[in-house]
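One structure is given below, encoded as structure tokens.
Remember, it's 1-based here, ligands and their atoms both numbered in the order they're listed.
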Amino acid sequence: MVPLPAGPSDPLGRVSRVDAEALLAGLNPDQRDAVTTEAAPLCILAGAGSGKTRVLTRRIAHRVATGSAEPHRVLALTFTRKAAGELRGRLAALGLRDGVAAGTFHGIALAQLRSRWLERGETEPQLLDRKYALVARNIARRPGRREVNPLDAVAEIEWAKARRIAPRDYADEALHHNRRPPLPAAEMAGVYERYEQEKARRGLVDFDDLLVRCERALVTDPQFAATQRWRFRHLFVDEFQDVNPLQYALLRAWLGDRGDLCVVGDPRQAIYAWNGADASYLDHFARHFPGGEVHELRDNYRSTPQILAVANAVIGDREAGLPLRPNRPAGEPPTVVPFADDADEARGIARAIRDAHGPGRPWSDQAVLARTNAQAALIADALGRAAIPHRVRGGASLTAQPEVKQALARLRRARVPFDVALADLDAEVSGRFPEETDEAGATGDDDPAAGADGQGAARRDDEGRQAEQRRANLAALVQLGRDYRGLDPAASGAGFVQWLQAAARAEDAGGAGDAVEVATFHAAKGLEWPIVHVAGVEAGLVPIGHARTSEAEAEERRLFYVALTRAERVLRLSWAAERTFGSRRSRRQPSPYLADVQAVLGAFAERRRPTDGLAEVRRERRRLAATDGTGHRGRGARSPASLTADDRAVLDALKAWRLEQARAAKVPADVVFPDTTLEAVARSRPADVAALLALPGVGTVKANRYGETLLGVVARYAEG
Ligand code: ATP
Ligand code: MG
């Protein structure tokens with residue numbers, strides 16, 4: 001951010017009038033309008049990187065500078081502590097060092113409740129920061145049926161509370177919202193009810209109760225409401241698309257009958273619906289806040305036109321809103337790089353990071369983004385091995401997950417050698433959960449509960465998101481255990497725990513220093529880096545395997561869009577043709593979303609002028625509609641002059657793949673395959689090794705060495 005002259009401030013922290021003008025510097029006319037308008041309530045609706053957060057912070061500073069708001073009466077709300085910290089940093093850069101309160105809904109609610117408890121001489125209730133144990137004891141044993149994991153029930157209770165659904169209404173609402181509770185809905189409602197009763201009996205409150213109680217107190221106690229509303233008069237919310245009904249109710253209670261509210265958000269980045277968030281508060285702002293005004297921003301200042309074209313293509317016209325309009329100079333087209341397996345991918349990313357690092361190009365210019373915490377942990381591990389300073393951002397770290405903690409405790413206590421204990425854990429992870437979703441949709445035949453009549457797939461559906469996440473976390477732990485075992489000849493459970501702790505400390509230590517950021521897509525929201533590596537762009541991860549409803553799938557696409565729009569200059573996507581989950585190797589296919597990416601990259605390869613990305617997507621869809629949906633797969637050879645846009649897109653992917661192979665083997669690219677062979681592959685799209693062997697320049701040695709991953713690159717185009 002461009003530092004602005006902070007200017008002298010009066011005792012209230014107000015900056016002088018002269019600075020009000022300076023606060024409008026570096027804003028386009030729409031942004032200026034959004035900063036200066038007197039409209040209230042005000043909603044700023046705009047795409048990624050269009051300056052929403054910039055406008056929000058400038059608006060706060062500008063109102064303070066012009067005297068229309070007192071800094072001590074400003075409340076800026078966000079959804080995570082990290083985001084609140086970022087906001088504070090940006091406000092400080094504008095000269096508002098203290099005074100303005102920036103915090104999360106939970107943080108502010110707790111502070112207000114504390115002062116209320118104190119004033120009324122009430123003892124503070126104990127805060128229950130983990131629901132797990134209390135929920136677990138309320139789940140009845142189910143003889144003959146699959147055990148319920150309490151974490152699934154916890155997630156369900158949190159969803160219900162976010163939606164303000166009482167236990168008695170849970171069953172109806174769960175049905176209405178297409179939930180897949182881990183227990184029959186009526187039983188789930190019982191678990192929820194007993195959890196609430198026991199919590200009340202023991203005088204405990206959980207995090208959601210803080211919001212519930214604060215809202216209740218504001219609505220029922222006029223004195224308390226008056227005090228809080230006197231304290232905070234000007235309310236601002238960033239990322240408003242992620243507000244849930246409970247937070248919304250609290251916001252309304254804070255506001256009372258006043259209208260001094262400004263929210264900013266982007267419906268295309270709504271990624272917490274699974275958690276109970278509801279973007280319709282943003283979409284229908286004027287309906288929720290009659291008399292409110294909506295301002296839109298269309299210009300993106302973050303990313304190159306090439307990156308925006310890809311992002312626009314991925315979101316397409318599926319969501320309301322206009323494509324992002326670029327303002328930065330042209331850059332290099334994003335790349336899609338396939339790797340033979342996940343270890344190769346992690347090493348490849350480490351290599352690319354090192355190549356891009358240099359004088360004037362600090363580590364902190366780069367980030368690696370992944371869909372799951374488990375992937376992030378493995379990538380962090382690979383960066384550690386490559387001696388690349390890094391830190392893992394946001395989300396709970398792998399070792400903070402309850403199932404990982406439990407597994408670590410068992411490893412530490414185990415009376416058998418570490419190898420054996422790790423192998424046991426591995427077997428358990430591989431056998432306990434159903435097979436990872438793969439392109440063929442096959443279930444593991446080692447799962448005794450899987451029926452022969454497709455019930456396995458139905459039950460797998462029911463297992464849901466948390467089960468898959470837990471399995472992935474444990475599988476990642478097993479893999480880290482193997483890494484550790486390779487380093488410590490006297491490997492033990494206790495040694496493993498220490499090793500993990502040391503790694504975590506190293507990550508923390510990187511906090512202030514120059515380091516590559518490793519984050520999940522969710523944790524990357526709102527942030528930006530010059531160079532972004534998006535890892536694991538595979539079916540089963542992007543979108544995640546459990547996203548089976550159209551709503552869940554749409555949310556996954558938005559999540560991928562969030563990841564893509566974090567990049568400023570360079571965007572590098574990768575996927576692995578094989579991935580290890582515990583001891584199981586799973587064949588992978590590229591993400592179906594890559595079809596839209598490749599359509600745009602194909603256009604770049606033809607050296608057409610970069611467009612907003614939508615034209616290519618529409619053309620690609622028309623092409624697929626006009627064919628049998630399988631593109632040109634299996635056609636006979638055509639003349640060299642007839643490389644189509646699609647062929648070129650395949651050729652580009654093949655060349656990127658060849659480059660990785662060549663680098664890994666430290667040989668010139670054309671030793672892997674000459675251009676003529678790759679062109680022949682791009683044209684004829686062989687479906688199997690036999691077809692590959694029929695092409696010029698491919699012998700059995702090369703077919704054995706490269707066939708599988710090369711066919712993986714080609715296979716994506718068979719999906720249509
Ligand atoms: P997101 O949706 O990802 O949260 P956002 O809309 O909040 O994005 P910002 O983070 O505020 O966008 O801005 C994106 C980047 O563009 C930042 O680096 C910001 O400083 C820069 N920026 C915003 N507006 C302008 C402008 N008018 N001129 C130059 N740079 C700008
Ligand atoms: Mg933002």
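- Close to ligand 1: Gly49, with a non-hydrogen atom less than 4.0 angstrom away.
- Note: Tyr248 and Tyr281 have parallel aromatic rings, judged against thresholds of 30 and 60 degrees for the angle between ring planes.
- An N or O contact shorter than 3.5 Å is missing between Leu527 and ligand 1 by distance.
- Remark: the Trp274 side chain and the Glu551 side chain contain no N/O donor-acceptor pair separated by less than 3.5 Å.
- Ligand 1 has a nitrogen or oxygen under 3.5 angstrom from a nitrogen or oxygen of Gly51.
- In summary, Lys161 and Glu158 do not engage in a salt bridge, as defined by a charged side-chain N under 4.0 Å from a carboxylate O.
- Salt bridge absent: Glu528 and Arg566 never bring a charged side-chain N and a carboxylate O closer than 4.0 Å.
- In summary, the side chains of Thr335 and Arg572 do not present any donor paired with an acceptor at a separation below 3.5 Å, with no hydrogens or angles considered.
- Residue Glu528 touches ligand 1 through its side chain alone, judged by heavy-atom distances below 4.0 Å.
- Proximity of Arg90 to ligand 1, defined as any heavy-atom pair under 4.0 Å, is confined to the side chain (atoms from C-beta onward).
- Between Gln269, Arg566, Arg302, it is Arg302 that holds the heavy atom closest to atom 10 (O) of ligand 1.
- The shortest N/O to N/O separation between Gly526 and ligand 1 does not fall below 3.5 Å.
- Side-chain N/O atoms of Asn244 and Tyr272 include no donor and acceptor closer than 3.5 Å.
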